[in-house]
A.B. asks: 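Please read through the structure below; I'll follow up with questions.
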Amino acid sequence: MRKGEDKPESLTRDGPLGLYLHVPFCSTSCDFCGFYQIQSDRKGILSYIDGVKRELELVDAGNRKLDTMFWGGGTPGLLPAGDMLKVAGAITDALGKPRQEWTVEMAPSSVKRDKLEALKEAGVTRISMGIQSLNERLLDALGRQHSLKQIMNAYEMIRDVGFRSVNVDLIFAIPTQSEEEWRADVRGALALEPDHLSTYCLTFEEDTALFIKLQQGKVKIDTDREARFYTVMWEEAAAGGFGQYEISNYARPGHACVHNMNTWRMAEWIGVGPSAASQWGGSRHTNTPDLKDWLAGLERGERGLVDRVELSDGLLLEDSLIFGLRMNEGVDLAALKRRFGRDLEDFPVLRQLVSEGKAERDGTVLRLTSEGRMVADAVGEALLGELS
Ligand code: SF4
């Protein structure tokens, strides 16, 4: 570490800086959701806005400028337009407007014209809408509150107000979903002509309604089926002119999510709001995942940080490799050597990935093959703990 600075050499002052804002409010809880979320009421929203302002006062970014910002949740779109402007104003007063990209997640049922106009006025450049499926039966199976009609109306309104980039999220391998239903969902989403498409394999997070069904044997995990669904996605995205740039993400040229790419490349980001994670100030940490506890900490002038891990070049190198390999561009081993001072050319786990056909070399770049991408989670697990 540099003298007088408490963060690793590899995190430079001129590296990209992001801000993640967690808005914890949802109207109801979806069956598969493992995020921290609570039902919203006026009192809760007002105290949350106050908390955001207080937390920002405790974040000392010096004269660093924000490159990207991402509002996730929860459902940021549940905030009324005036409150969105208050939160946006608090952040931009403290840290300025992000120079490159500003994403806000919206649920179809929360999309309203006045909110979109407020976000546009604030400087938001990218809307990400979690549609999950275009099939009413599957939306119901997921416990989602929106209908196909709401999705269509919301999407049209977002386009009409006009943002530089629009993403839609889909979920696949939903219990009872057939391969053909998944293909229809992907085709339907592509027919909307978004700029970006995220597709997530349904996961069974602990303490969710879906996890309980799994334990009761009412649903089961079928990895062969999941692999077939991945293949369908790759075929349809390629046919629709969408390039895959990460395991779960596809975009038209120039529309990859910069905020997420920076986090996968192990840049720094500040998390604000209950349960928000940060990689900032020499550590990786999470804000306490409870609105009341988070507010109580801020009252005392403290950010209630839990799960704190001190950053080291070894940890950042390992995660650059794990997350970098999830991106189609792969990792440039020469660039990693320049940044972290470690030569991975003969690193046994990487050589093994190549010999097993899961990764391939292109000069100094190492990237996963399609076979490797299919087992990207297992590749990550094999690398875990090898370098940190
Ligand atoms: S999936 Fe999204 S909308 Fe549903 S409960 Fe979770 S955070 Fe809220």
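One-based numbering, in listed order, for ligands and for the atoms of each. The residues of the chain are indexed from 1 along the displayed sequence. The basis for the numbers below is simple: all heavy atoms, side chains too, and nothing from hydrogens, waters or symmetry mates.
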A.B. asks: Quick check, are the ring centers of Trp182 and Phe172 under 6.0 angstrom apart?
C.D. replies: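 For Trp182 and Phe172, the ring centres are under 6.0 Å apart.
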A.B. asks: How far is atom 6 (Fe) of ligand 1 from the closest protein heavy atom, and which atom is that?
C.D. replies: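 Its nearest protein heavy-atom neighbour is Cys33 SG, 2.2 Å.
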A.B. asks: Is Lys337 close to Leu344 at the side-chain level, that is, under 4.5 Å between some pair of heavy atoms?
C.D. replies: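 No. Closest side-chain heavy atoms not under 4.5 Å.
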A.B. asks: What about the rings of His196 and Tyr245, do their centers lie closer together than 6.0 Å?
C.D. replies: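 Close enough - the centres of the two rings lie under 6.0 Å apart.
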A.B. asks: Cys26 heavy atoms, cut-off 4.0 Å: which ligand 1 atoms fall inside?
C.D. replies: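 Those qualifying, in numeric order: 3 (S), 5 (S), 7 (S), 8 (Fe).
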A.B. asks: Minimum heavy-atom separation for Ala189 and Leu170, please, with both atom names.
C.D. replies: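 What the structure gives for the nearest pair is CB-CD1, 3.8 Å.
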A.B. asks: Just to verify, which of Val379, Leu325, Ile247 counts as forming a side chain to side chain contact (heavy atoms under 4.5 Å, CB included) with Arg373?
C.D. replies: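 The side chain to side chain contact (heavy atoms under 4.5 Å, CB included) with Arg373 is passed solely by Ile247 among Val379, Leu325, Ile247.
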A.B. asks: Looking at Gln37, which atoms of ligand 1 are within less than 4.0 Å of one of its heavy atoms?
C.D. replies: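 Per the distance check, 5 (S).
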A.B. asks: Which residue holds the protein heavy atom closest to atom 4 (Fe) of ligand 1, what is that atom called, and what is the gap in Å?
C.D. replies: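 Here the nearest protein heavy atom works out to Cys30 SG, 2.4 Å.
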A.B. asks: Tell me whether ligand 1 is touched by Gly74 - counting only heavy atoms on the residue side and a distance under 4.0 Å.
C.D. replies: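 For ligand 1, residue contact (heavy atoms, under 4.0 Å) with Gly74 is present.
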A.B. asks: I would like to know whether Asp185 and Thr199 meet side chain to side chain contact (heavy atoms under 4.5 Å, CB included); could you show each step before the answer?
C.D. replies: CA-CA 11 Å; Asp185 260 357; Thr199 61; over 6 Å; no
A.B. asks: Identify, for atom 3 (S) of ligand 1, the protein heavy atom at the shortest distance, and state residue, atom and that distance.
C.D. replies: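 Protein heavy atom at minimum distance: Thr75 OG1, 3.7 Å.
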A.B. asks: Suppose I only count heavy atoms of Thr28 and a 4.0 Å limit; which atoms of ligand 1 are within that range?
C.D. replies: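 Counting from 1, the qualifying ligand atoms are 5 (S).
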